[in-house]
Amino acid sequence: MHTIKIGGVPEHFNLPWHLTIEDGSYLKNNIQLEWTEYPGGTGAMCEALRNKDIDMAIILTEGIVKDIIAGNPSKIVQTYIQTPLIWGIHVSVHSKYTHLSELQNTKAAISRYGSGSHLMAYVNAQNQKWDTSHLQFEVVKNLDGAVEALTNGKADYFMWEHFTTKPLVDNGTFRRVIDCPTPWPCFVIAVREEVLNTKKEEIKAILDTINTTTTDFKHIPSIDRTLSYRYDQQLEDIQKWLQHTEWSQSLIEKKTLVEVQDYLFNLQIINKKIAPEKLIYDI
């Protein structure tokens, strides 16, 4: 039996992984796939890949591109979610800020440096033509930390996936100011190079299994109700999310990796660009 350790955020995007693990799909290929939740998001998973705590991760495109360039010995083996991630920009329900323009030169809560919440603060600032050198950050680790920071005034706004944070908007903890979608496909599957070199066939079997599931995921009977129940989301919100979310079964396009690097380089988040071939591994 081959043990493969995989990490991902505790969000509805990853239900296909849980369903396939729960029904023993990987065991048929002599693979024990062990899932670890990372509420801290992409920054935490980049660290886990570097530390060999996990072998593969379902991770934000921009975050893993940045970290591979910075020396993370991993490769992107596939796009997982083809559509952009919709980042909600949130403030405390009691905040004096009501418009996006008012958040210029205020402090953003981020899960950690190098995380999606950190990188997207730069993307949003560039979209608004703000001076990104004036961005300020408060590290909060996760969604619970963001609630505390915004409620106590340690930070002014927080960017996190729209539907994951919607219950906090519904219950009067946060107020959403506006949405900010990523300019590229949001989630990819990354694998440590050492694992690709030693367990390539096992990784290929894992991808084949998950791709079979995601191809028909939206057509699973009552999948909207399952998602609503398991992720404590309103059914109508899950239905909206399903409408605009598309899974992928393909390797990320090289032109997308060029675009991501151009964006990160122009924002001075990376100090060099590399050939797209050095970021990917085509199984």
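Residues: numbered from 1 along the sequence shown. All values below were derived from every heavy atom in this structure, side-chain atoms included, with hydrogens, water molecules and symmetry-related copies excluded.
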Do [X] and [Y] have side chains that approach each other closer than 4.5 Å (heavy atoms only, starting at C-beta)?
{"X": "T182", "Y": "E62", "result": "yes"}
{"X": "I69", "Y": "Q261", "result": "yes"}
{"X": "L143", "Y": "P39", "result": "no"}
{"X": "W241", "Y": "F13", "result": "yes"}
{"X": "I64", "Y": "C46", "result": "yes"}
{"X": "L267", "Y": "V123", "result": "yes"}
{"X": "M1", "Y": "L27", "result": "yes"}
{"X": "T79", "Y": "W184", "result": "no"}

So, does [X] use its side chain to make a donor-acceptor pair with the main chain of [Y] at under 3.5 Å?
{"X": "T42", "Y": "I59", "value": "no"}
{"X": "Q233", "Y": "F163", "value": "yes"}
{"X": "D23", "Y": "S25", "value": "yes"}
{"X": "N142", "Y": "G145", "value": "yes"}
{"X": "N152", "Y": "K154", "value": "no"}
{"X": "R176", "Y": "K166", "value": "no"}
{"X": "D224", "Y": "L235", "value": "no"}
{"X": "T209", "Y": "Y26", "value": "no"}
{"X": "K218", "Y": "L242", "value": "yes"}
{"X": "T106", "Y": "E102", "value": "no"}

Check [X] against [Y] and note the closest heavy-atom contact, atom names and distance.
{"X": "T245", "Y": "T83", "result": "CA-OG1, 3.4 Å"}
{"X": "C180", "Y": "I89", "result": "CB-CD1, 4.1 Å"}
{"X": "S117", "Y": "I110", "result": "OG-CA, 3.5 Å"}
{"X": "W87", "Y": "G116", "result": "CH2-C, 3.4 Å"}
{"X": "T256", "Y": "P185", "result": "CG2-CD, 3.7 Å"}
{"X": "S248", "Y": "N211", "result": "O-OD1, 3.9 Å"}

Roughly how far, to the nearest 0.5 Å, is [atom2] of [Y] from [atom1] of [X]?
{"X": "I81", "Y": "I189", "atom1": "CD1", "atom2": "CD1", "answer": "9.0 Å"}
{"X": "K278", "Y": "K273", "atom1": "NZ", "atom2": "NZ", "answer": "14.5 Å"}
{"X": "K141", "Y": "R112", "atom1": "NZ", "atom2": "CZ", "answer": "8.0 Å"}
{"X": "N72", "Y": "R50", "atom1": "CG", "atom2": "CZ", "answer": "5.0 Å"}
{"X": "L33", "Y": "H18", "atom1": "CG", "atom2": "NE2", "answer": "10.5 Å"}
{"X": "I4", "Y": "I203", "atom1": "CD1", "atom2": "CD1", "answer": "4.5 Å"}

>> Between N29 and E202, is the side-chain contact (heavy atoms from CB on, under 4.5 Å) condition met? List the steps.
In response: CA-CA 8 Å; N29 289 300; E202 286 75 23; over 6 Å; no

>> I'd like to know if R192 pairs up with D55 as an ion pair, taking the criterion as any Lys NZ or Arg NE/NH1/NH2 lying under 4.0 Å from an Asp or Glu carboxylate oxygen.
In response: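 Salt bridge between R192 and D55, a charged N being under 4.0 Å from a carboxylate O: yes.
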
> Salt-bridged, D53 to K5, with N to O below 4.0 Å?
Replying inline: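 Looking at D53 and K5, the cut-off is not met.
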
Verify whether one side chain among [X] and [Y] offers a donor that lies under 3.5 Å from an acceptor in the other.
{"X": "E34", "Y": "T3", "value": "no"}
{"X": "W35", "Y": "E37", "value": "yes"}
{"X": "Q126", "Y": "N266", "value": "no"}

Whether over 12 other heavy atoms sit under 6.0 Å from [X] [atom1]:
{"X": "H244", "atom1": "NE2", "result": "yes"}
{"X": "K199", "atom1": "NZ", "result": "yes"}
{"X": "Q128", "atom1": "CD", "result": "yes"}

>> One pair to check against side-chain contact (heavy atoms from CB on, under 4.5 Å): D237 and Y231. What are the steps and the verdict?
In response: CA-CA 11 Å; D237 291 331; Y231 293 92; over 6 Å; no

> For H118, which residues count as a ring pair (Phe, Tyr, Trp, His ring centres under 6.0 Å) partner, sequence neighbours excluded?
Replying inline: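 Once residues adjacent in sequence are excluded, the partners of H118 under the ring pair (Phe, Tyr, Trp, His ring centres under 6.0 Å) criterion are Y113, Y122, F137.
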
>> The test is side-chain contact (heavy atoms from CB on, under 4.5 Å); show your working for Y157 and S95 and say whether it passes.
In response: CA-CA 9 Å; Y157 68 100; S95 172; over 6 Å; no

Transitive ILVMFWY side-chain link [X] to [Y], under 4.5 Å:
{"X": "L251", "Y": "L60", "value": "yes"}
{"X": "M159", "Y": "Y97", "value": "yes"}
{"X": "I220", "Y": "W17", "value": "yes"}
{"X": "F265", "Y": "I274", "value": "yes"}
{"X": "I21", "Y": "L227", "value": "yes"}

>> Below 30° counts as parallel, above 60° as perpendicular, anything between as tilted: where do the rings of H90 and F174 land?
In response: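 Rings of H90 and F174: tilted, as their planes differ by 30° to 60°.
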
> Who pairs with E22 by side chain to side chain donor-acceptor pair (under 3.5 Å), at least two apart in sequence or on another chain?
Replying inline: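 With neighbours one apart ignored, the set is R230.
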
> What residues, two or more places apart in sequence or in another chain, satisfy side chain to side chain donor-acceptor pair (under 3.5 Å) together with E277?
Replying inline: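 Side chain to side chain donor-acceptor pair (under 3.5 Å) check on E277 returns K254.
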
> Under the side-chain contact (heavy atoms from CB on, under 4.5 Å) criterion, do W247 and T213 qualify, and how do the steps go?
Replying inline: CA-CA 10 Å; W247 279 262; T213 299; over 6 Å; no

